[in-house]
Participant: 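Sharing a structure here in structure tokens format.
Start at 1 with the first residue, then count along the sequence.
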Amino acid sequence: MSSNVIVINDSQFETEILKSEKLVLAYFWATWCGPCRLMSPLMEKVATEYSDRLKVVKMEVDPKSKIVKQYQVEGVPAFRLFRNQELLLSDEGAMTKQQLIDKLEPYLN
């Protein structure tokens, strides 16, 4: 099964997120995080359904990421929405698909 969610690390952050021409949802997760395992299929669905307007990237928090510190990711799952190098939305915690879409909708058009 191919994935529409792009897995990145610190060295890819600038290219995949800050220099992206699309709106980018960065999904921060951890292997030990139960709610993250629940959110992963949802991230795949959102990445597929909104692929024309949204890029979804996934970044693990455990490798002592400078990006995690820079964007103040304090809990997982966490979400940061970017456009043109600007942080538009910051949220943390598991949510339903509808809750996530409701948060993204103002930025998708």
Side-chain angles (χ1 to χ4, degrees):
M1 180 175 109
S2 71
S3 176
N4 289 312
V5 176
I6 302 165
V7 179
I8 67 166
N9 58 37
D10 275 8
S11 66
Q12 298 160 306
F13 187 85
E14 183 176 355
T15 302
E16 291 293 337
I17 295 177
L18 299 181
K19 291 185 176 178
S20 176
E21 295 188 12
K22 273 188 181 178
L23 183 66
V24 182
L25 177 62
Y27 164 54
F28 294 89
W29 69 288
T31 56
W32 47 262
C33 169
C36 295
R37 287 192 292 274
L38 295 174
M39 293 301 298
S40 287
L42 172 60
M43 293 296 103
E44 191 61 48
K45 286 179 185 173
V46 169
T48 301
E49 290 176 26
Y50 294 91
S51 63
D52 60 328
R53 297 176 277 166
L54 178 71
K55 176 166 47 169
V56 179
V57 300
K58 180 176 176 179
M59 188 169 184
E60 189 171 1
V61 297
D62 282 337
K64 300 294 182 210
S65 166
K66 69 177 183 177
I67 301 300
V68 167
K69 187 179 267 188
Q70 181 179 350
Y71 288 98
Q72 301 172 342
V73 175
E74 295 177 358
V76 288
F79 309 91
R80 302 295 185 267
L81 188 66
F82 296 87
R83 179 184 282 134
N84 300 325
Q85 301 186 20
E86 181 183 354
L87 177 63
L88 303 173
L89 177 70
S90 177
D91 206 343
E92 294 184 5
M95 60 188 83
T96 66
K97 180 181 177 187
Q98 191 57 55
Q99 288 170 320
L100 180 60
I101 297 306
D102 289 348
K103 291 174 188 289
L104 296 176
E105 198 64 43
Y107 305 100
L108 288 169
N109 299 318

Participant: Assess whether side-chain contact (heavy atoms from CB on, under 4.5 Å) is satisfied between Met39 and Cys33, documenting all intermediate values.
Facilitator: CA-CA 10 Å; Met39 293 301 298; Cys33 169; over 6 Å; no
Participant: Can you check side-chain contact (heavy atoms from CB on, under 4.5 Å) on Leu100 and Met43, steps first, answer last?
Facilitator: CA-CA 10 Å; Leu100 180 60; Met43 293 296 103; 3.2 Å; yes
Participant: Evaluate side-chain contact (heavy atoms from CB on, under 4.5 Å) for Tyr50 paired with Val56, printing each intermediate quantity in order.
Facilitator: CA-CA 9 Å; Tyr50 294 91; Val56 179; over 6 Å; no
Participant: In plain terms, say whether Glu16 and Lys22 are close enough for a salt bridge, that is, a side-chain N and a carboxylate O under 4.0 Å apart.
Facilitator: no
Participant: Which value, rounded to the nearest 0.5 Å, describes the distance between Arg37 atom CZ and Trp32 atom CH2?
Facilitator: 10.0 Å
Participant: Can you get from Leu23 to Leu87 by hopping between Ile, Leu, Val, Met, Phe, Trp and Tyr side chains that sit under 4.5 Å apart?
Facilitator: no
Participant: Report the distance from atom CG of Asp91 to atom NZ of Lys103, rounding to the nearest 0.5 Å.
Facilitator: 4.0 Å
Participant: Would you name the heavy atoms of Pro77 and Cys36 that are closest together and state the gap between them?
Facilitator: N-SG, 3.6 Å
Participant: May I ask whether Leu88 and Phe79 are part of the same hydrophobic cluster, defined by side-chain heavy atoms of I, L, V, M, F, W, Y residues being less than 4.5 angstrom apart, directly or through others?
Facilitator: yes
Participant: Under 4.5 Å between side-chain heavy atoms, counting indirect links through other Ile/Leu/Val/Met/Phe/Trp/Tyr residues: same cluster for Ile17 and Leu81 or not?
Facilitator: no
Participant: Rounded to the nearest 0.5 Å, how far apart are CG of Leu38 and CE of Met95?
Facilitator: 12.5 Å
Participant: Which atom pair, heavy atoms only, marks the closest approach of Ser65 to Asp10?
Facilitator: OG-OD1, 2.5 Å
Participant: Spell out, yes or no, whether Met59 and Val73 are grouped together once hydrophobic residues are joined by side-chain heavy atoms under 4.5 Å, including indirect joins.
Facilitator: yes
Participant: Report yes or no: does Asn84 contribute a side-chain atom to a donor-acceptor pair with the main-chain N or O of Glu86 at less than 3.5 Å?
Facilitator: no
Participant: Would you check if the side chain of Glu105 reaches a backbone N or O of Asp102 as a donor-acceptor pair within less than 3.5 Å?
Facilitator: no
Participant: Where the side chain of Glu44 meets the backbone of Asn4, is there a donor-acceptor pair that is under 3.5 Å apart?
Facilitator: yes
Participant: Kindly give the heavy-atom pair with the smallest separation between Val61 and Phe28, and that separation in Å.
Facilitator: CG1-CB, 3.8 Å
Participant: Treat each ILVMFWY residue as a node, draw an edge where side-chain heavy atoms are under 4.5 Å apart, and state whether Ile8 and Ile67 are in one component.
Facilitator: yes
Participant: Would you check if the side chain of Arg83 reaches a backbone N or O of Glu21 as a donor-acceptor pair within less than 3.5 Å?
Facilitator: no
Participant: Determine the minimum heavy-atom distance between Lys55 and Ser20, stating which atoms define it.
Facilitator: CE-OG, 3.4 Å
Participant: So, the side chain of Arg80 versus the backbone of Gln72: is there a donor-acceptor pair under 3.5 Å, distance only?
Facilitator: yes
Participant: Check whether more than 12 heavy atoms from other residues, nucleotides or ligands sit under 6.0 Å from atom NZ of Lys97, and answer yes or no.
Facilitator: yes
